[in-house]
Q: 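This is the structure, below, for whatever I ask next.
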Amino acid sequence: MKKILFAILALLSICPIAWAQSSEFDVKSTMYYAGGKFGSRTASGSRIEPAKVLSGEHRWVALSLDLYRAGFNFGDTIVVTEHKTPWVNGLWVVKDKMASSRKIDFLVHRQKGRTFRNSPCKIRKKLPGEDIPTMGGEY
């Protein structure tokens, strides 16, 4: 009986991870800038360099805490689709956290901020070995 209970608990502990890897999440999106009240470091400890944000080298996002509980982690590469701002669609790396629910916050440079539109979008983890074509144009 103990072995069965242990097996069930083990399966339940890995289910959120498998669910997040294979599931798409509908989220609200916003953006934030480097510096000012936002600081120059992310919750993961990564240093934000505005020049690298502008060049698109740093395509980083913050996810709401409920998405971390669903299995997302710092360093995960995610696929963003169906965003109304074309250059937002594509691959991003999880580097930050925020308190809101079912939300993603994109780190953008101030020069690109005026072209960003808050809109719903879909996110999911990029699967190992998955080839994602460039989507949505240039940053």
Side-chain angles (χ1 to χ4, degrees):
M1 183 66 167
K2 286 183 181 180
K3 288 182 181 181
I4 293 172
L5 183 59
F6 179 75
I8 291 171
L9 289 174
L11 284 174
L12 289 175
S13 70
I14 63 169
C15 281
I17 295 168
W19 180 56
Q21 287 181 342
S22 63
S23 295
E24 232 176 24
F25 294 84
D26 293 312
V27 295
K28 296 176 190 172
S29 71
T30 55
M31 66 170 191
Y32 69 109
Y33 300 118
K37 69 178 183 176
F38 301 106
S40 61
R41 292 211 178 263
T42 65
S44 66
S46 299
R47 186 172 183 278
I48 299 170
E49 297 178 42
K52 289 185 178 184
V53 175
L54 181 59
S55 72
E57 185 178 343
H58 286 177
R59 284 179 57 95
W60 294 349
V61 296
L63 296 180
S64 55
L65 296 176
D66 60 327
L67 294 170
Y68 283 90
R69 287 189 291 273
F72 289 93
N73 296 299
F74 288 137
D76 286 345
T77 299
I78 63 168
V79 181
V80 176
T81 57
E82 298 184 24
H83 198 281
K84 289 183 180 175
T85 306
W87 56 262
V88 173
N89 293 310
L91 300 177
W92 292 80
V93 178
V94 178
K95 291 284 188 171
D96 219 340
K97 288 184 179 183
M98 61 185 180
S100 300
S101 180
R102 287 284 178 161
K103 195 169 171 190
I104 187 170
D105 211 4
F106 295 92
L107 175 64
V108 299
H109 194 275
R110 290 189 184 278
Q111 291 180 5
K112 294 296 288 187
R114 66 184 176 281
T115 66
F116 183 93
R117 293 177 56 196
N118 291 346
S119 79
C121 61
K122 294 185 181 293
I123 65 167
R124 67 175 175 81
K125 278 190 181 184
K126 180 184 176 288
L127 300 174
E130 182 179 19
D131 186 29
I132 305 292
T134 302
M135 294 184 274
E138 295 297 314
Y139 177 76

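We number each residue from 1, following the sequence as shown.
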Q: Minimum heavy-atom separation for G113 and Y33, please, with both atom names.
A: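 Here G113 and Y33 meet closest at CA-OH, 3.7 Å.
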
Q: So, S29 versus N118: side-chain donor-acceptor pair below 3.5 Å or not?
A: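 No, because no side-chain N or O of S29 sits under 3.5 Å from a partner of the opposite role on N118.
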
Q: Answer yes or no: is there a side-chain heavy-atom contact under 4.5 Å between K28 and P120?
A: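 Side-chain contact under 4.5 Å: no.
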
Q: Taking T42 for the side chain and D96 for the main chain, is one N or O donor matched with an acceptor at less than 3.5 Å?
A: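 Checking the backbone N and O of D96 against the side chain of T42, no donor-acceptor pair under 3.5 Å is found.
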
Q: Between CG of L91 and CD of E130, what distance do you get to the nearest 0.5 Å?
A: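 It comes to 8.5 Å.
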
Q: How close do D66 and S101 get, counting heavy atoms only, and between which atoms?
A: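 Smallest interatomic distance, heavy atoms only, reads OD2-OG, 3.3 Å.
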
Q: Does any non-hydrogen side-chain atom of N73 lie less than 4.5 Å from one of V94?
A: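 Contact flag for V94/N73 side chains = no.
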
Q: Does a side-chain N-to-carboxylate-O contact under 4.0 Å join E24 and K125?
A: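 No, E24 and K125 are not salt-bridged.
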
Q: Do the non-hydrogen side-chain atoms of K97 and Y68 ever get within less than 4.5 Å of each other?
A: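 They are in contact (side-chain heavy atoms under 4.5 Å apart), so the answer is yes.
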
Q: Under 4.5 Å between any side-chain heavy atoms of I48 and R41, yes or no?
A: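 They are not in contact (no side-chain heavy atoms under 4.5 Å apart), so the answer is no.
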
Q: Among T30, V88, V61, exactly one meets side chain to side chain contact (heavy atoms under 4.5 Å, CB included) together with I104. Which residue is that?
A: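 One option only clears the test, and that one is V61.
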
Q: Linking I/L/V/M/F/W/Y whenever their side-chain heavy atoms sit closer than 4.5 Å, directly or via other members, would W92 and M98 fall into one cluster?
A: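 Different clusters: W92 never reaches M98 through Ile, Leu, Val, Met, Phe, Trp or Tyr contacts under 4.5 Å.
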
Q: Do the non-hydrogen side-chain atoms of R102 and D26 ever get within less than 4.5 Å of each other?
A: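 No - every pair of side-chain heavy atoms lies 4.5 Å or more apart.
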
Q: Looking at OG of S119 and NE2 of H83, how far apart are the two atoms once the value is rounded to the nearest 0.5 Å?
A: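 Those atoms lie 3.5 Å apart.
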
Q: Is the positively charged end of K95 above the ring of F74, judged by distance under 6.0 angstrom from the centroid and angle within 45° of the axis?
A: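 Negative - K95 is either too far from the ring of F74 or too far off its axis.
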
Q: Any non-hydrogen side-chain atom of F106 less than 4.5 Å from a side-chain atom of R59?
A: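 No, every pair of side-chain atoms sits at 4.5 Å or beyond.
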
Q: I'd like to know whether V108 forms a side chain to side chain contact (heavy atoms under 4.5 Å, CB included) with Y32, so could you lay out the CA-CA distance, the side-chain angles of the two residues, the decisive distance to 0.1 Å, and finally the verdict.
A: CA-CA 6 Å; V108 299; Y32 69 109; over 6 Å; no

Q: Would the number of heavy atoms belonging to other residues, nucleotides or ligands and lying under 6.0 Å from NZ of K126 be above 12?
A: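 More than 12 within 6.0 Å, yes.
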
Q: Looking at every non-hydrogen atom in both residues, tell me the closest pair between G71 and D76 and how far apart they are.
A: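 Closest heavy-atom pair between G71 and D76: O-OD2, 4.0 Å.
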
Q: Rounded to the nearest 0.5 Å, what's the gap from OG on S100 to CG on L63? Could you check?
A: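 Separation between the atoms: 11.5 Å.
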
Q: For residues W60 and S46, is any side-chain donor paired with an opposing acceptor at under 3.5 Å?
A: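 The answer is no; no qualifying pair exists.
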
Q: Which atom names give the shortest non-hydrogen contact between R114 and Q111, and what distance separates them?
A: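 Scanning both residues completely, I find the closest heavy atoms to be NH1-O, 2.7 Å.
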
Q: Between I123 and V79, is the side chain to side chain contact (heavy atoms under 4.5 Å, CB included) condition met? List the steps.
A: CA-CA 6 Å; I123 65 167; V79 181; over 6 Å; no

Q: Could you check K112 against W87 for side chain to side chain contact (heavy atoms under 4.5 Å, CB included), going step by step and ending with a plain yes or no?
A: CA-CA 10 Å; K112 294 296 288 187; W87 56 262; 3.9 Å; yes

Q: With ring centroids as reference points, do H109 and F116 lie under 6.0 angstrom apart?
A: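 Not close enough - the centres of the two rings lie 6.0 Å or further apart.
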
